[in-house]
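Before any comments, here is the structure.
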Amino acid sequence: MALRQLLRGNEAIAEAAIRAGCMCYFAYPITPQAELLEHMARNMPRLGRTFIQAESEVAAISMVYGAASAGVRTMTSSSSPGISLKQEGISYLAGSNLPSVIVNVVRGGPGLGNIAPSQCDYFQATKGGGHGDYHMIVLGPSTVPEAAQLTTLAFDLADLYRTPVMILADGLLGQMLEPVELPEPIDPASLPRKEWAATGAAGRDPNIILSFDLGPDNLKRMNEALQAKYREIRKREIRYEESDVADADLVIAAYGSTARIAKSALQMARAEGLKVGLFRPITLWPFPYDALRAVADHVDTVLTVEMSAGQMWEDVRLAVAERAKTPFYGEMGGVVPTPRSILNEVRKDAR
Amino acid sequence: MARNETPLVMPGNSSCAGCGAVLIARLVTEAIGPNQIMVIPACCMGAVATSFPKATFNVPVLRTAFASTASFLTGLEASAKAKGQEVTLVGFAGDGATVDIGLAALSGAIERGHSFVYICYDNEGYMNTGFQRSGSTPRGAQTSTTPGGALGRYKAEPRKDIAKIVAAHGIPYLATASPAYPADLTRKVERAVAVKGPTFLHIMSPCPLGWGFPSANSVELARTAVESGLWKLYELDHGVLRLSLSPKKRKPVKEFFAPQSRFAHLSDDVYEELQRAVDEEWTTIEKEGFSLRCETSRA
């Protein structure tokens, strides 16, 4: 019988990570993700696992790099400015093919910004915030229960593809309390052995974990291998949710907390007789281009709603191209759209 | 009480009741006067100083990224030089931004020898984000990431001695201070402003919410830290080290620890041990004179 608990998003992600067998967690304090750090501080040591509050974000992501190299499930979490500081480390993790989970509880930016919910880090997460030709798998939970589910998935995908995976949440999701059915804890010892890990080379050939090669031809081959992996991920791991799209004239494209608010707007619009649907990407990378394109083929309008100046909007327009109109409604700086403000946009565009 | 025509730190700001840092900010800012530019990273005082419409300071305040107070000062100094401007550049940073994430930047700027007054107001943790431990949190303290009890452990490691780390750079002027000794603090700030090159003040900053004591007692607690011999007031001026104050009859250290809920779990055995350590330290100081070598970590 799975346990149902009332949890804050930050705590649900932390607890799901523990249950997914996260053995080492490293992070640095920042609002609005501090509860995640504190949940790990309270619970990892008593399970005999490692919690370290690092002296900086650069230190925390590099601790993840070290732990991932040695083959354990490992995670860090932060919020926007802290995630910016981690970018070099994330690029190293991607270049070295190291499974790891990174949580970004996004807040208003740029610069110091504020501590209110935002989706302004979409570009950074999905287009490679660090240097080099790399991607992370990026998962965008819309509710607290889904944040827990996607945390479990993040660890599995990270191991399966030997890649960093980001959970792109926001301040609203991090702070919100919801009932969550947590997954059963897994025994970390039951996970497949990571034969590639750095464990000391006694009695075997050395393993090589590296993102470096001075020879252009060799580095090109390493890059080609990464790109082949990304093609595989694009083929197999795209996830999205469609609501009421079958008969829709207008489909709202939204992810994360915004998608949840858009669902309320959708119900209000339907009550007014407007044929409105919702397309919600769950994997933000890889983005569900084909699925959205198929939706665009039979609607007039795809309205993108985001807590940003229009970052996912670029991917929506790539997918939809000229098939439908692609208006945009965004809020910035921690302002959260309301069901009514979305409905107003829907009314404008549905006419 | 303001030394300047207009108060340089305004009332009605958003600091917590009894905040040691805002008291320090006032003393420091008034001692320097209006011809200054203050640089504040992510920290409690950053939020207090620049949260419109409750912004606190009547001097220019620039907010910088967490890790980079001293780098920002470096850039400011270069700009002031380019313009031929005489202005005091002040870094005002908490302990997290100084001893943890900003340490490399501070070290680099001191080593290069830029002119600035760097104030570390030390509230012994990340108080702005919910009382997490920092490298300056004393051993034994309960914080939200060293919750102790059944949930794990209290802070097990002694604090970094940031003043000693800074002293190791051969900095022209360094001092420790306390908001309970405003005349001493003001004199040290004035000396720091007069000295050419980098200067550093390490100031104890009691935090009622984070340390868990009544907000009316901040100054009293800061004074007890000095009178018990736990927080030493000293300065290092061009290589000359001098104690500013030797408490004649030291208060028991328990009087500092016991009123704070973060130390509520400490037993009398621990207090005896802490008392012994402080007594031994002061015996050595009285016998051999004060040196940074015998400055051992407290708590």
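Just so you know, these numbers come straight off a predicted model, no measurement behind them. Order of the sequence lines fixes the chain letters, A, B, ..., with proteins taken first and strands second; residue numbering starts at 1 for each chain.
Within a 6.0 Å sphere centred on OH of A/Tyr92, heavy atoms belonging to other residues, nucleotides or ligands number 12 at most. For NZ of B/Lys54, the number of neighbouring non-hydrogen atoms (other residues, nucleotides, ligands) closer than 6.0 Å is 12 at most. Shown here is B/Leu89, whose CG atom has more than 12 heavy atoms of other residues, nucleotides or ligands within 6.0 Å.
Taking OH of B/Tyr126 as the start and CG of A/Leu37 as the end, the distance is 10.5 Å to the nearest 0.5 Å. A distance of 10.5 Å separates CZ in A/Arg42 from OG1 in B/Thr145, rounded to the nearest 0.5 Å.
Closest of all the heavy-atom pairs between A/Glu38 and B/Gly130 is OE2-O, 3.5 Å. In terms of heavy-atom proximity, B/Thr129 sits nearest to A/Pro29 at OG1-CB, 3.5 Å. When all heavy atoms are compared, the tightest approach of A/Ala41 to B/Ser144 is CB-O, 4.1 Å. Here the closest non-hydrogen pair linking A/Tyr28 and B/Gly96 is OH-O, 4.0 Å.
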Between A/Gln53 and B/Gln132, is the side chain to side chain donor-acceptor pair (under 3.5 Å) condition met? List the steps.
CA-CA 9 Å; A/Gln53 186 188 318; B/Gln132 294 88 9; over 6 Å; no
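Chosen from B/Thr143, B/Asn128, B/Asp100, B/Ile101, the residue pairing most often with chain A at heavy-atom distances under 4.5 Å is B/Ile101.
For a residue to count as touching a neighbouring chain, one of its non-hydrogen atoms must lie under 4.5 Å from one of that chain's; by this rule A/Leu112 touches chain B with the side chain only. With a 4.5 angstrom heavy-atom cutoff, A/Leu85 touches chain B only via side-chain atoms. Heavy atoms of B/Arg133 lying under 4.5 Å from chain A belong to its backbone as well as its side chain.
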